[in-house]
Each structure stands twice: as C-alpha cells, then as structure tokens.
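Step one of this worksheet: look at the structure below.
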Amino acid sequence: RNLERVPTSEVSDVIKRFPSELLPRANAFLEQLRQSDQNRIEMIDQLVPMVEKASPERGREVYFSIPAACSTCHRVGKEGGVIGPDLTTIGRNRSTQDLIESILFPSASIVRQYETYVVLTTEGQIYSGVVVRETTDSIEIQQQRGEPIIVLREEIDQIKPISASIMPTGLDKYLNRQQLADLIAWLKTLDRDTPN
C-alpha cells in the first residue's frame, strides 16, 4: 500500500499481533511511517507562512507551466483538462493546509469520483486510471496521460480500486518552495464561480 494512505496507528495495531521474530522488521516499517508523517507535518508547517506572503499572479503562471502541468488534468474556469477535479472554486472550501497536502501528498486524500482503478483484461493487458464513463458493455478509463481507453466488459478479467492517486507525487522535486507557495496562494483565490 502507498505510505501516504496507511494510518500509522492502524499499522501499529496490526504489528502488535505479529510473531516476535517479525517484530524488528515490522517496527522498522512503523518507524519509516512515523518519519514520513513527521516529514509531511514539517513541510506543511514550512509552507503555510510562505503562502501568506506569496504571489497569486506568479502562482497562476506556475499552474499553467510545463513543470507543474496542473492544467493538463485540472480545469479552472474554461481552461485545462478534465481528468482530475475541477478547481474553479477550490479556494472556497479548502484550507491552506488541505491544498498543500493535496499537492504534495495526493494519495493522502482522494476525491471519491477520482479514485484510481486497475483493470486486468483477459488478454493480460493492465490499465490504471480513473473510470470516466461506464455503460453496460464497456468502461472508459482515463490514464495519467493520453486519450481515454475503452475496455469492453467481456474483456475484463479483474477490476479493483487502488489506494494511490492518479495525480503524480513529487511535485516538490520540480518546483521550489516559493513556487509551491505562489501556486497555493493562487488556488486560494479561486473561490468564485468565475476565476480571475
């Protein structure tokens, strides 16, 4: 499972039932989760005050830039893709902390209708993405890149949800802290039906 989706307390409860010979490895994994949680908290704590002084104008440029590629999947007003949630009014109901977490740790909280599924066909093909349309005969899957793929139901061997977001992680590797703060500052301005 994706580390961003596993609550540390849940793992801790499970580890208590492990045989004693597995405890050292299990405890090492638990420590890795705790460190991941701590790193996430520290990164959010560092970015929150930066957002207050950030530039929404520069943030808009970041949003539509190639390194961020946000607009490839997300729509704001009439601009952008439709793979991920529409962000036109995201600033209305998401806090600064929520926005930071959604960007840096996208698998931590996934909007229900944007859950990722893995489809295994009877021919052994594997597709993963968001199910964007279903009929009685087929499903349409939007993968991270490219056009949606239509898979006939008679060709599906298995379909199951996975706990990872289709949104790529690691945006903080392509953008510096100031760019991230600017991006979030701009997203916070998106609280009207028509963005500026």
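Residue numbers start at 1 and run along the sequence shown. Note that these values count all heavy atoms, side chains included, but never hydrogens, waters or copies made by symmetry.
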Next on the checklist: Please identify which of these residues, Leu183, Leu99, Ile90, meets the side-chain contact (heavy atoms from CB on, under 4.5 Å) condition with Lys188.
Outcome noted: Leu99
Checklist entry - Is there a side-chain contact between Ile83 and Val132 (heavy atoms, below 4.5 Å)? => result no
Next on the checklist: For Glu140, give me all partners under salt bridge (Lys or Arg N to Asp or Glu O under 4.0 Å), at least two apart in sequence or on another chain.
Outcome noted: Arg133
Checklist entry - Going by the ring pair (Phe, Tyr, Trp, His ring centres under 6.0 Å) test, which pairs reach into residues 79-100, not counting sequence neighbours? => result none
Checklist outcome for this item: For Glu155, the salt bridge (Lys or Arg N to Asp or Glu O under 4.0 Å) test, sequence neighbours excluded, returns none
Checklist outcome for this item: Rounding to 0.5 Å, atoms CG (Leu190) and CG (Asn93) come to a distance of 11.0 Å
Checklist entry - Under 3.5 Å, side chain of Ser95 to main-chain N/O of Asp98, donor-acceptor pair present? => result yes
Item to check | Expected output: side-chain His74 to main-chain Asp86 donor-acceptor under 3.5 Å | outcome: no
Next on the checklist: Once salt bridge (charged side-chain N to carboxylate O under 4.0 Å, His left out) is applied, what residue pairs with a partner in residues 120-129 remain, sequence neighbours excluded?
Outcome noted: none
Checklist outcome for this item: Rounded to the nearest 0.5 angstrom, the CD1-CD distance for Ile150 and Glu147 is 10.5 Å
Checklist entry - Under the side-chain hydrogen bond (donor to acceptor under 3.5 Å, both in side chains) test, which residues partner Asn27, sequence neighbours left out? => result none
Checklist entry - Taking only residues two or more places apart in sequence or in another chain, which ones pass side-chain hydrogen bond (donor to acceptor under 3.5 Å, both in side chains) with Ser65? => result none
Checklist entry - Do you know which of Val51, Thr96, Ile100, Ile103 makes side-chain contact (heavy atoms from CB on, under 4.5 Å) with Leu187? => result Ile103
Checklist entry - If you round to the nearest 0.5 Å, how far is CG of Leu120 from OG of Ser128? => result 12.0 Å
Checklist entry - Who are the side-chain hydrogen bond (donor to acceptor under 3.5 Å, both in side chains) partners of Thr135, not counting sequence neighbours? => result Ser138
Checklist entry - Is there a path from Ile156 to Ile149 through hydrophobic residues (I, L, V, M, F, W, Y) whose side chains come within less than 4.5 Å of each other? => result yes
Checklist entry - Excluding sequence neighbours, so at least two apart, what forms salt bridge (Lys or Arg N to Asp or Glu O under 4.0 Å) with Glu134? => result Arg153
Checklist entry - Who pairs with Arg58 by side-chain hydrogen bond (donor to acceptor under 3.5 Å, both in side chains), at least two apart in sequence or on another chain? => result Asp182
Item to check | Gln35 side chain vs Gln32 backbone, donor-acceptor pair below 3.5 Å | outcome: no
Checklist entry - Can you find a pair of side-chain heavy atoms, one from Gln97 and one from Val48, that are under 4.5 Å apart? => result yes
Item to check | Pairs touching residues 33-70 that satisfy ring pair (Phe, Tyr, Trp, His ring centres under 6.0 Å), sequence neighbours left out | outcome: Tyr63-Trp186
Checklist entry - Taking the side chain as C-beta and beyond, is there a heavy-atom pair between Val119 and Ile139 under 4.5 Å? => result yes
Next on the checklist: Does Ile159 form a side chain to side chain contact (heavy atoms under 4.5 Å, CB included) with Val118? I'd like the steps, not just the answer.
Outcome noted: CA-CA 6 Å; Ile159 181 169; Val118 171; over 6 Å; no
Checklist outcome for this item: OG1 of Thr122 to CD of Gln158, rounded to nearest 0.5 Å, is 11.5 Å
Checklist entry - Taking atom CG of Leu47 and atom CE of Met50, what is their separation to the nearest 0.5 Å? => result 6.0 Å
Checklist outcome for this item: Between Arg75 and Gly80 the two heavy atoms that sit nearest each other are NH2-O, 3.1 Å
Next on the checklist: Give me each pair satisfying salt bridge (charged side-chain N to carboxylate O under 4.0 Å, His left out) with a member in residues 19-31, each pair once, sequence neighbours excluded.
Outcome noted: none
Item to check | Pairs touching residues 42-57 that satisfy side chain to side chain donor-acceptor pair (under 3.5 Å), sequence neighbours left out | outcome: Gln38-Glu42, Gln46-Arg177, Ser55-Glu57
Next on the checklist: Using a strict threshold of under 4.0 Å (side-chain N to carboxylate O), is an ion pair present between Arg94 and Glu101?
Outcome noted: no
Item to check | Pairwise side-chain contact, Asp157 with Thr121, heavy-atom cut-off 4.5 Å (strictly under) | outcome: no
Item to check | Closest non-hydrogen atom pair, Thr189 against Pro56 | outcome: CG2-CB, 4.0 Å
Next on the checklist: Using every non-hydrogen atom in the two residues, find where Ala68 and Leu175 come nearest and quote the distance to one decimal.
Outcome noted: CB-CD1, 4.1 Å
Next on the checklist: Counting C-beta onward and ignoring hydrogens, is there a side-chain heavy-atom pair between Ile141 and Tyr117 closer than 4.5 Å?
Outcome noted: no
